[in-house]
Amino acid sequence: MTAFDSTHAFSGFSVDDIDAARTFYGDVLGMKVTTNEMGFLDIALGAGASILVYAKPDHQPASFTILNFPVKDVEAAVDELNARGVVTKIYDDVQLGTDAKGISHGQPGRGPDIAWFRDPAGNVLAVLAPN
């Protein structure tokens with residue numbers, strides 16, 4: 001296809017409060033966040049990609065993980081998130097097997113070490129590392 005080019009493709013998600021999102025992603029998570037000409041947020045990712053964050057008056061949090069952060073050590077990442085006021089114990093599902101910090105420790109056939117948390121709009125994010 002010549003009219004379709006994925007070189008500069010990006011993903012996006014909604015929030016209910018753009019200022020709260022700017023503070024959370026920029027100040028709490030330490031990501032580079034800029035406001036574009038439409039008043040939306042552009043969050044820069046390390047690989048040169050970006051995510052568009054836009055306010056939506058009738059926002060409903062996604063029912064799935066919208067953004068994953070690969071880390072070398074989930075335990076250390078969770079400790080840092082908790083120190084910044086981010087709650088990582090958001091699931092009590094026995095099948096996930098999360099510990100007191102909200103970490104699901106990976107096992108063969110069960111996936112990586114992972115911990116989930118929410119942004120101010122209720123969207124689910126995660127830190128994860130191979131086991």
Side-chain angles (χ1 to χ4, degrees):
M1 292 179 53
T2 58
F4 178 84
D5 181 8
S6 64
T7 304
H8 299 287
F10 61 92
S11 184
F13 57 86
S14 71
V15 297
D16 55 357
D17 183 335
I18 204 81
D19 292 327
R22 182 183 298 107
T23 298
F24 180 77
Y25 288 97
D27 297 343
V28 176
L29 297 186
M31 302 177 79
K32 182 181 177 192
V33 179
T34 57
T35 304
N36 68 22
E37 60 280 352
M38 295 179 289
F40 300 153
L41 302 181
D42 287 316
I43 300 176
L45 301 176
S50 66
I51 300 169
L52 179 73
V53 178
Y54 56 94
K56 185 177 176 193
D58 59 346
H59 166 76
Q60 293 294 313
S63 61
F64 52 88
T65 307
I66 63 162
L67 186 58
N68 292 285
F69 296 94
V71 296
K72 290 181 181 177
D73 183 344
V74 170
E75 188 91 23
V78 164
D79 287 345
E80 188 172 340
L81 287 166
N82 292 165
R84 292 173 176 253
V86 177
V87 175
T88 52
K89 178 70 173 166
I90 66 171
Y91 296 123
D92 288 321
D93 187 336
V94 175
Q95 289 184 327
L96 293 175
T98 57
D99 65 16
K101 292 183 180 181
I103 301 170
S104 177
H105 296 278
Q107 299 171 9
R110 235 186 109 191
D113 289 353
I114 187 167
W116 297 270
F117 57 100
R118 296 184 190 279
D119 72 3
N123 295 313
V124 178
L125 304 106
V127 289
L128 65 135
N131 45 354

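Counting from 1, the numbers follow the sequence of the chain as shown.
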Between [X] and [Y], what is the shortest heavy-atom contact and its length?
| X | Y | answer |
| --- | --- | --- |
| V78 | A115 | CG2-CB, 3.5 Å |
| V53 | A21 | CG1-CB, 4.3 Å |
| R84 | D27 | NH1-O, 3.5 Å |
| P112 | A129 | CB-O, 3.0 Å |
| P120 | A20 | CG-O, 3.8 Å |
| V15 | F13 | CG1-CE1, 4.1 Å |

Sub-4.5 Å side-chain heavy-atom contact between [X] and [Y]:
| X | Y | result |
| --- | --- | --- |
| L67 | I51 | yes |
| R118 | V87 | no |
| L81 | F69 | no |
| V74 | H105 | no |
| N36 | L41 | no |
| K32 | D42 | no |
| L125 | W116 | no |

Are [Y] and [X] linked, directly or through intermediate hydrophobic residues, by side-chain heavy-atom contacts shorter than 4.5 Å (ILVMFWY only)?
| X | Y | answer |
| --- | --- | --- |
| V127 | L29 | yes |
| M38 | Y54 | yes |
| V28 | I43 | yes |
| Y25 | F40 | no |

Exercise. Classify the angle between the aromatic ring planes of F117 and F24 as parallel (below 30°), tilted (30 to 60°) or perpendicular (above 60°).
Key: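 Ring orientation, 0 to 90° scale: tilted.
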Taking atom [atom1] of [X] and atom [atom2] of [Y], what is their separation to the nearest 0.5 Å?
| X | Y | atom1 | atom2 | result |
| --- | --- | --- | --- | --- |
| D16 | Q60 | CG | CD | 9.5 Å |
| L52 | F10 | CG | CZ | 5.5 Å |
| D17 | T23 | CG | OG1 | 8.5 Å |
| T35 | I18 | OG1 | CD1 | 7.5 Å |
| N123 | S14 | CG | OG | 6.0 Å |
| N82 | K89 | CG | NZ | 12.0 Å |

Practice problem: Return yes if a side-chain donor-acceptor contact under 3.5 Å exists between D113 and S104, otherwise no. | Solution: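 No, S104 and D113 have no side-chain donor paired with an acceptor closer than 3.5 Å.
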Self-check item: Partner residues of D19 under the salt bridge (Lys or Arg N to Asp or Glu O under 4.0 Å) criterion, sequence neighbours left out
Solution: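 Salt bridge (Lys or Arg N to Asp or Glu O under 4.0 Å) check on D19 returns R22.
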Practice problem: Say whether, by atom type as modelled, one donor and one acceptor occur between the side chain of T98 and the main chain of Y91 under 3.5 angstrom. | Solution: yes
